[in-house]
Structures are given as C-alpha cells and as structure tokens.
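Each remark here refers to the structure printed beneath this line.
Because only heavy atoms are used, hydrogens play no part in the values below, and waters and symmetry mates are left out as well, while side chains stay in.
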Amino acid sequence: MTLDQKLKHYRLSQSEYEKMKLALGHEPSQIEWALFSALWSEHCSYKSSKVHLRGLFTKHPRVVQGPGENAGVIDLGQGERVAFKMESHNHPSFIEPTQGAATGVGGILRDVFTMGARPIASMDYLCFGDPKDSETPRLLAGVVKGVGGYGNCVGVPTVNGQTTFHKTYNKNNLVNAFSLGLFRPGEEVFYGRASGVGNLIVYAGARTGRDGVHGAAMASESFGSNLEAKKPNVQIGDPFYEKLLIEACLEVMNENLIVGIQDMGAAGLTSSTFEMAARAGTGLRMDLSKVPLREPDISPEEILLSESQERMVMIVEPKNLNRVVDVFKRWDLDCAVIGEITSGDHVELVWKNQVIARVSHKPLVNQAPVYERPFDLPSQPKKTEITTPESNELGSVLLKVLKSPEMRSREWIFKQYDQRVGAKTMSACESDVALLRLPDSGRVLGMNTGCRVSVMQWHPYLGGADAVIFPVIQQATRGVKALALTDCLNFGNPEKPQVMGEFVSALKGLNEAATQLEVPIISGNVSLYNETQGKSIVGTPATGIVGLREPLLGPSHEFTESALEIFILKTKPEMYLMGEFNRIVHDREPQGDFTEIHFESVKSIQKFCLENFQHFECAKAIGRGGLAVTLARMCLSVGAEIVSLDGPRNPQVSLFAERFYSVVLGVKKAKAERLKQAIEKERHLELVPIGKTQEALELKILNLIKVNLNDVKTAYSENLGGLVENLA
C-alpha cells in the first residue's frame, strides 16, 4: 500500500503519521499502524473532546470512582454502592441495527460488572429519524429487537429509557445504552489495572473472531454511502455467553482471586491491555498465538483489533491461576494465560515465538493527540413573543399531538423488554422514573434518562443544562434525590467549528447544571462524527441519572381517584418553549422565551418536592407537549376538569408549550392546606390551583378542550408497531 492508502485504511492523518514515526523512532510496521489506528481513534482517545472534559464536576464525597475507569461508582451509605455508565453504539446500530444495539447492551453490562457490581438494571436512550423516512422502520424494528433480545436473555431488566423521532436523526440514529450494578455490603470494587510485575495476563470468555475488526476507528468517522463494506466492523453478541461470563467473573471477584480486570471493548485486546498497563505504569509481554480463536487463520492484527464480544482480560497472581481456570471451565468458558506483566512501560507482542512488536504504551495511551479544534459558539437566544396560528378545535389538536409518533405511548417498545426479572423493579418503563427496591436496606433507587431535542435546537447551552435539570425534577416528584449522573455526548463532525461550538456550549450547560444541583458526573462517553453524507445531527447530550429515596411510599405518575385538587407547582419566573407542538402541528422550528436558567428556582422546586412528596397523591413534571399533554397522560384512568389556566397567555401557549420548570400535582383536600402553607416560605415558587379530578371519564379544560378519555387512550396508545408492520 502507498502511504496515502495506509492513511485512509488506518484512518490517520498525515500529521498523526509524522507524530507516530517520531514516537517510534522508525517507520511503523503493519502491527504498529494497527495499534496507533485503534488507540488514536476518536472513539478511544477522545482527542477532540478531552480538552473540554477536564473541568467537569466529578468529585464529591459520595463518589468512590469517577471518570477514567470502566464505570463510575457512588456510595449510597449503609454499605451499599452502585456502579453505572452510559455509552453509545450509534454507528454499528445504523449499519446492522439488531446486532449493533445488542452488543451495545452487552458492552455496557460488561463495563459495570467489570467493576465487581452485579448488573440489576438497564436503560436506553434511542433516537430515530422521521417515521416517514425510508430507513426509520427498519432501524426501529432492529434496534428494539436487539435491545430486548440481549437484555431479556442475559437476565437484566430494561427498566426505563427514552425514544425520540426527529428528522435530524435521518440515516444517523442514536443508540445509547445504560447499565447499573449493585455492590451489596462487604463487596469490593475492582479496577482495570495491570499491577504486579510477574503477574499473569489471563484471557477469559468467548473465543476471538474477525467480527468488529477496526470497529473503534469506524465509529470515529462520518458515514458516506459505503455502508455494506462496513458490516464486518460490527460485532456479534451472544447473551447466553454474557450470562455465563457475569457469573464466572463475579465468582472469582468474590473469592478475591484477581488483581485487575478489563472488558475487551472498543479496539478489543489492544485497548484493554494497553490501558491497563498505562493505568498501573507497568509493561506487558503477550503471546498472541495463545489467544483462543474461533478460526485458525486469524492474523495477529485481527487478533489485536477484533471486537468479538463477551471477552475479559484479567490480571492474576500465579498462585491463584489454577482456581481461576477451574471457575471459568466450570462455567464452560475459555480461559488461557496469554502473557505476563513486566517492568518498564513497553508492551512486547509475540506471534509463534517471534517478537512482532515492542512499543511503549505511553505514546499510544497517555500521549495520544489532543486537538483544540476551532469552534464557533452559538449566539444567545433572543426572548421573543411566542405566536402560533389560532385554532378553535384544541381538543382535536390535543388528540393529534398525542397520536403523533413523537408523543404516543412507547408501550410497543417496552413490552418487548423484560422489565421485572430479578424481582427488584417497583416501577419501570410505564413511568418517567424507574424505581427499584434495594435488597439490603429496603431503600428505593430511582433511574431515568434526559435530553430533549427541541431544547437543543433552541440553544445548546440550555439543552445541555435541561438534560440534567428535567430528569432531576422528574425524580424529585417521586421523592427521589438525584445523586450522580453519566452522560453520552452525541454530536456531529468536530472538524466543523459550528458543531464544535455546539459541543462546547452544551457541555458547559450540562456541567453547570450538574454543579448547581450537586449531581456529579461519574462516567460517560463522547460519540462524535454522527454525520451522514455531510449532514450532522443536532447535538444530543443524553444523560442517565441515579437517585435514592428512603423506604417510603411515593406518589403515582397518574391521577388515582376523583375529587383530587389539581395544582401547578411552578418556578418564578416560568418560561416557555413551543417545541414539540410547533413541530407536530405546524412543522415549524422551536419558538420561545426560554433564554436562561434560574438555578435558585430549579433548586427550590427540587427541594420542595423532596420535602413534600408524601403529601402528593400523584405528580408529573410538565414535559414535551406542555400542560395539555401532561394532563392527558395523567388522565388515562381518571377524568379531570380544569377551570383556570395560569398566566395571561395565548391559550395554545399555556396548554402546549414546554415549561421551564413546572409540575402538575394531584392532592387530597386534607393535605392541600399543608402545601399552601409550605409554599408561602418559597420566594421562587408558586402553587396555582387549576381544577379537580372527576368521576366523569373526560378531560375538560375551560371551554377550550373537552375530550373523552377513551379517545385520549386510543390516540395515546396508537401502536408504534404500525411503523414497522410492513417488515413483519
């Protein structure tokens, strides 16, 4: 191959080639090309984002392990800890949606149990293009099948998530997978470090094949039109092997038989071993001919870069080797010594008794290129008077909004997921917040995801902040105090200053919200080059947030009985954005007066909900589609009559705008007085009575809307499966 052909094949730039030669002191061999290609890829090195990630809010007394390991860990007190992380599998899931999504789930599960925690729950954040786009039905069907198929078989419930449809994701869907694991009292945290000169490098799990070779580099570039050629870059997963691997790994951890452990994820054996050595400051000697293989003719380069699933690297003291091998053999998994830890900082690779490479891990891991790419920050949003075409048939408009793919129930999706395996789930995908009972303390763990594309379209800083604030408020309505978050930062081509500016702005908003609300960022992932044929997605900084509630009963997310007083608990000042309504009803861009975050108001509404949630019969944050949609979703079983609308606004704005930030409460009359007294102490909040629940099975809002609940349920429950019925 010519130099230009090599640069294209290994996805390196001319300047990176020159830096590679300087680090090596000679012209790189084929193996060295492969190593640098993988570890200097955007996916592994974060070379475009690292400079902006350094100032994130990551330290807090409850943080046991922050960014830099396989997953973050927080201390819940009473001896309980949890590990969790969120990661993208966007590119593979577009090329081959079922396997791409499945291996995304499998990979994030391994990141969690590698820390020593047993996985007890998963979530997903999915974004698809316009339902009318020719690719959307195929992608939706495949991704949902992959998420459900893998999670169901491995025995970890999928308890919550988010699914968005928007044209910005046409031919560039997002598949972000989240997993959480539990450390019960007395269980230790394990780390991905290759410590102890003379200790053994042990390969365990499934055998290595050719699937996923160059997957990390592929995930670090934009899509063109040659998708078929990229299919070999997509991994293939086996959830039954994953289940065996979970049990075997946790068994050797519980017996304290290993020194360190790392999942073979992106860039496979290369990234796992080099990163473990870099963290510990040691060297390695590995014999690639001892790696268990599915096919006998796999080359050393393919062995190094394969992303075959369900594989682990462990560091084991020689005295414990026999017991480790016995455990993995009993679980019917391959287990083989492939090398040992050495002094210094070099990794020596051997193939059939010949040294084929000897290279320091420092330039590959710690000295990978870091780019301060130029960026153009987006201009500040201007406060505007919201105008929207008048309509005399707001009841019909409400049903239209509820029936749209963007708004309708996701039941068709989550019914394909096992949400309750493991017997810890209290509330799952049917609610905004998943609730799980912790087995030792009896306390309640809350989990949900965040990021609203309409807010990101309005302004990236506000969208990044909202990706933290809104799910935190959703948790607070259920009595759950948010403790920590993981993020998955999905953006377009970082070489474009506008995209890089969007990234910088959104990250600033996300970090400021996390700091203000004391929700440290303990892990995360950056996914760039989400671009197809030159068109980038709208930046999407998805979050996964975990919180805790004492073992108390909390409110429902729906109206539970008639004669409840309905209030809006809102911040002062309250601002509005006509996002989803504009898009669904008028095919317009977002429009609003949402221009800044009043963090004191946000903290006040979170605190008020946490202190008073036991007085709520039901509570729901006003989200996408505004007050009317929120009320309709709360009225699926019990009717309501709204007799006043708060604020001197255009009724369509009052009813259908997203509000920043407000909550609908259903309260028994006897408890309403307590809330009214409590609100008097709050200078940033207002409690506005707007109506009552009723026995009549209808939702009536002044003289503007009167809809039968059967019509509401029919519209809202419109089967998303209709989008993919032609694929059956």
Main-chain N/O of [Y] paired with [X] side-chain donor or acceptor, under 3.5 Å:
X      : Y      : answer
Arg62  : Leu483 : yes
Gln65  : Val189 : no
Thr136 : Asp130 : yes
Ser179 : Val112 : no
Thr540 : Ala542 : no
Asn530 : Phe491 : yes
Gln309 : Glu307 : yes
Glu87  : Asn176 : no
Ser505 : Gly501 : no
Thr595 : Lys382 : no

Could you check whether any side-chain heavy atom of [X] comes within less than 4.5 Å of a side-chain heavy atom of [Y], counting everything from C-beta outward?
X      : Y      : answer
Val313 : Ile261 : no
Phe599 : Ile469 : yes
Val82  : Ile120 : no
His346 : His361 : no
Leu53  : Leu507 : yes
Leu485 : Val546 : no
Leu517 : Lys603 : yes
Arg193 : Ile315 : no

Decide, yes or no, whether a salt bridge links [X] with [Y] under the criterion of side-chain N to carboxylate O below 4.0 Å.
X      : Y      : answer
Lys171 : Glu135 : no
Asp263 : Arg110 : yes
Lys47  : Glu372 : no
Arg583 : Glu406 : yes

Could you report the tightest heavy-atom contact between [X] and [Y], atom names first, then the distance?
X      : Y      : value
Gly544 : Met86  : N-SD, 3.7 Å
Met456 : Ala506 : CE-CB, 3.9 Å
Cys451 : Gln162 : O-NE2, 2.7 Å
Pro471 : Asp466 : CD-O, 3.6 Å
Pro520 : Val63  : CG-CG2, 3.7 Å
Met264 : Ser272 : CG-OG, 3.5 Å

Would you indicate whether [X], at its atom [atom1], is surrounded by more than 12 heavy atoms from other residues, nucleotides or ligands within a distance under 6.0 Å?
X      : atom1 : answer
Gln5   : CD    : yes
Gln516 : CD    : yes
Lys19  : NZ    : yes
Lys362 : NZ    : no

key: Sub-6.0 Å ring centroid separation between Phe178 and Phe84   =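 Ring centres of Phe84 and Phe178 closer than 6.0 Å.
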*Mind checking whether Phe94 and His89 have ring centres under 6.0 Å apart?*
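Aromatic pair excluded; centres sit 6.0 Å or further apart.
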[X]-[Y] side chain donor-acceptor pair, cut-off 3.5 Å:
X      : Y      : result
Asn90  : Tyr529 : no
Thr543 : Asp487 : no
Asp376 : Gln498 : no
Ser48  : Glu42  : yes
Arg311 : Thr208 : yes
Tyr371 : Glu495 : no
Asn70  : Gln262 : yes

Could you grab the distance from atom [atom1] of [X] to atom [atom2] of [Y], nearest 0.5 Å is fine?
X      : Y      : atom1 : atom2 : value
Leu140 : Leu126 : CG    : CG    : 8.5 Å
His60  : Ile522 : NE2   : CD1   : 12.0 Å
His9   : Trp33  : NE2   : CH2   : 10.0 Å
Cys488 : Lys85  : SG    : NZ    : 9.5 Å
Asn160 : Met447 : CG    : CE    : 7.5 Å
Leu76  : Phe183 : CG    : CZ    : 10.5 Å

On the ring face of Phe470, is Arg452 found with NZ or CZ under 6.0 Å from the centre and within 45° of the axis?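 Yes - Arg452 lies over the ring of Phe470, closer than 6.0 Å to its centre and within 45° of its axis.
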Worksheet entry | Full working for side chain to side chain contact (heavy atoms under 4.5 Å, CB included) between Leu510 and Ile521 | CA-CA 10 Å; Leu510 187 152; Ile521 303 163; 3.6 Å; yes
Could you label the plane-to-plane angle of the Phe660 and Phe594 rings as parallel, tilted or perpendicular, counting under 30° as parallel and over 60° as perpendicular?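 If you compare the ring of Phe660 with that of Phe594, the planes turn out parallel.
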Start with the C-alpha distance between Tyr46 and Val526, add both sets of side-chain angles, then the distance that settles side chain to side chain contact (heavy atoms under 4.5 Å, CB included), and finish with yes or no. CA-CA 7 Å; Tyr46 286 26; Val526 178; 3.9 Å; yes
Item to complete: Carefully, step by step, assess His598 and Val602 under the rule side chain to side chain contact (heavy atoms under 4.5 Å, CB included).
Response: CA-CA 6 Å; His598 296 271; Val602 170; 5.9 Å; no
| request: Kindly indicate, with the supporting measurements, whether the criterion ring pair (Phe, Tyr, Trp, His ring centres under 6.0 Å) is fulfilled by Tyr169 and Phe128. | output: CA-CA 5 Å; Tyr169 306 111; Phe128 300 99; 8.9 Å; no
Review point. Can you list the steps and then say if Ile303 with Leu269 is a side chain to side chain contact (heavy atoms under 4.5 Å, CB included)?
Key: CA-CA 7 Å; Ile303 292 170; Leu269 186 62; 4.3 Å; yes
